[in-house]
Structure formats: structure tokens, C-alpha cells
Amino acid sequence: MTRVDGLGGKRVTVVGLGIEGVALTRYLIAQGASVTVTDAKPAAGLTEQLAQIAGLPVKLSLGANRPEDCAAADLIFVSQGVPLDLPPLQAARERHTPLGSATQLFMERCVAPITGVTGSAGKTTTTSLLGAMFEAAGRRVHVGGNIGVVLLDRLDTITSDDWVVLEISHTQLELTDRSPHIALVTN
């Protein structure tokens, strides 16, 4: 996805209402986007997530990932763990609708240097240890990503003097065209 400068007035679909989907929905609404959230799970399987976005002006399409939910979108954000070969996402790519992720959007908009950690094993441990090292060195650090903390929610509290340590899974990298300032690959 190319840089998204303004989200105000854009029709955006969030595919997947997991941890990333909730954070994306809140962030996109705050930026003035018109948001549709789609998830294959029915509402009964998403009660916690739905409570976190209750009261927001969001169109919900639950119980299936319907092609029409992506067809009218200007942008589509795909949550961590959602298969990229879903028919609505394949159709969106054929229409050249940009696909992005919370990780992409965060790295694009974060003003602090980012240390990214990825690889086959040890990502969470390495990410946690790096965060502890930054703290021990007296640096203000934000630790998140695939470790279970979506830092998109915290963009307004991160300054250029801070550091970010971001655990990034291989599936999150698939929708990211940016690189962190420092990259570590565990093996």
C-alpha cells in the first residue's frame, strides 16, 4: 500500500475484528474515515471486541466475509491472521484497491525510531528483552506488535525521542512495504 495521507472521508473496510481490527477501527474513525468492519465470526463470537467499539459509527458485517463489503472500499485493512487468499481480498486486488495493515499504518505514521523483530522463533522473548534493555538504559520505549499490544492506539503519545520495539510476524510483513529503522531476524 502506498502512503495513506488522509483518511477523512475515505470508505475503509477492516477485515477481521481481532486485537488489530479493534485498534484499526478506533483509529480510522478518529481520523474521519467511514468504516465497515467485516468478520467471518458471528456477533456472538465477538462480544468482547464489539464492546470495545460500541457507540462508534461503524457498519458491521458479521458472520461472513462478503465481497460487497470490500467492493465499495477505497482502502482495505486486513487484520493479523486473516488469510490473504479470501475471495473478497482477491477481488479487491484485481480492482487495484489498496490493502494494508495496522503494522503498515503504524510504521508509516510513527515519529520514533522502530526496532522490528521477526523470525521463526524467539520473537516475543527478543522483543521483551529489547524493551527491557531500552528501559534499563533510561530510554522511553513502547513495546508492541504481534506481542499482543497494538501501538496504533498510542501514536499520539509517542514522541521522536522515544523508541519502539515491534514484534512483527511473517503475515504482518506481507502487507507492509516499509522497513523498521533496525531489523532483527531470529532463527
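For reference, positions follow the sequence shown, starting with 1.
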Can you tell me how far OG1 of T126 sits from CE of M133, rounded to the nearest 0.5 angstrom?
10.5 Å
Is L173 reachable from V185 through a run of hydrophobic residues whose side-chain heavy atoms are each under 4.5 Å from the next?
no
Salt bridge or not between K10 and D74? Use side-chain N to carboxylate O under 4.0 Å.
no
Is there a side-chain contact between I168 and T176, using heavy atoms and a 4.5 Å cut-off?
no
Assess whether side chain to side chain contact (heavy atoms under 4.5 Å, CB included) is satisfied between V78 and L84, documenting all intermediate values.
CA-CA 8 Å; V78 184; L84 295 178; 3.9 Å; yes
With rounding to the nearest 0.5 angstrom, report the CD to CD1 distance, E48 to I53.
12.0 Å
Over all atoms of both residues, closest heavy-atom pair of A73 and T13
CB-OG1, 3.5 Å
With the 4.5 Å side-chain cut-off for hydrophobic clustering, are L56 and L17 part of the same group?
yes
Please determine whether residues L129 and L184 belong to a single hydrophobic cluster, defined as Ile, Leu, Val, Met, Phe, Trp and Tyr linked transitively by side-chain heavy-atom distances below 4.5 Å.
no
Are any non-hydrogen side-chain atoms of I158 and W163 less than 4.5 angstrom apart?
no
Between Q80 and N146, does any side-chain donor sit less than 3.5 Å from a side-chain acceptor?
yes
Shortest non-hydrogen contact from V22 toward Q52:
CG1-OE1, 3.4 Å
Are more than 12 heavy atoms from other residues, nucleotides or ligands located less than 6.0 Å from atom CG of L62?
yes
CD1 of I114 to CG of D162: how many Å apart, nearest 0.5 Å?
11.5 Å
Does any non-hydrogen side-chain atom of L175 lie less than 4.5 Å from one of F77?
no
Side chains of S61 and D69: donor-acceptor distance under 3.5 Å anywhere?
yes
Examine distances only and state if a side-chain atom of T38 and a backbone atom of A64 form a donor-acceptor pair shorter than 3.5 Å.
yes
Under the rule for salt bridge (Lys or Arg N to Asp or Glu O under 4.0 Å), what residues qualify as partners of R154, not counting sequence neighbours?
none
How close do S79 and L24 get, counting heavy atoms only, and between which atoms?
OG-CD1, 4.5 Å
Run the numbers on H142 and T157 for side chain to side chain contact (heavy atoms under 4.5 Å, CB included), then give the verdict.
CA-CA 10 Å; H142 305 268; T157 66; 4.3 Å; yes
Sequence neighbours excluded, which residues qualify as salt bridge (Lys or Arg N to Asp or Glu O under 4.0 Å) partners of R93?
none
Verify the distance criterion only: is there a donor paired with an acceptor across the side chains of S101 and E20 at less than 3.5 Å?
no
Main-chain N/O of A121 paired with T186 side-chain donor or acceptor, under 3.5 Å
yes
ILVMFWY cluster, V111 and Y27 together (side-chain gap under 4.5 Å):
no
A side-chain contact here means heavy atoms from C-beta on lying under 4.5 Å apart; do L166 and T115 qualify?
no
Would you say C110 and L151 make side-chain contact, with heavy atoms under 4.5 Å?
no
Side chains of Q172 and Q104, donor plus acceptor under 3.5 Å
no
Minimal non-hydrogen separation, G131 against V165, with atom names:
N-CG2, 4.2 Å
For a quick test of reading the model, state the closest non-hydrogen atom pair linking T159 to A112 and the distance between them.
O-CB, 3.3 Å
Could you tell me whether R26 and D153 have a side-chain N and a carboxylate O separated by less than 4.0 Å?
yes
Any idea which heavy atoms bring T171 and G81 closest together, and the distance?
OG1-N, 4.4 Å
Starting at SG of C70, measure out to CG of N65 and round the result to the nearest 0.5 Å.
7.0 Å
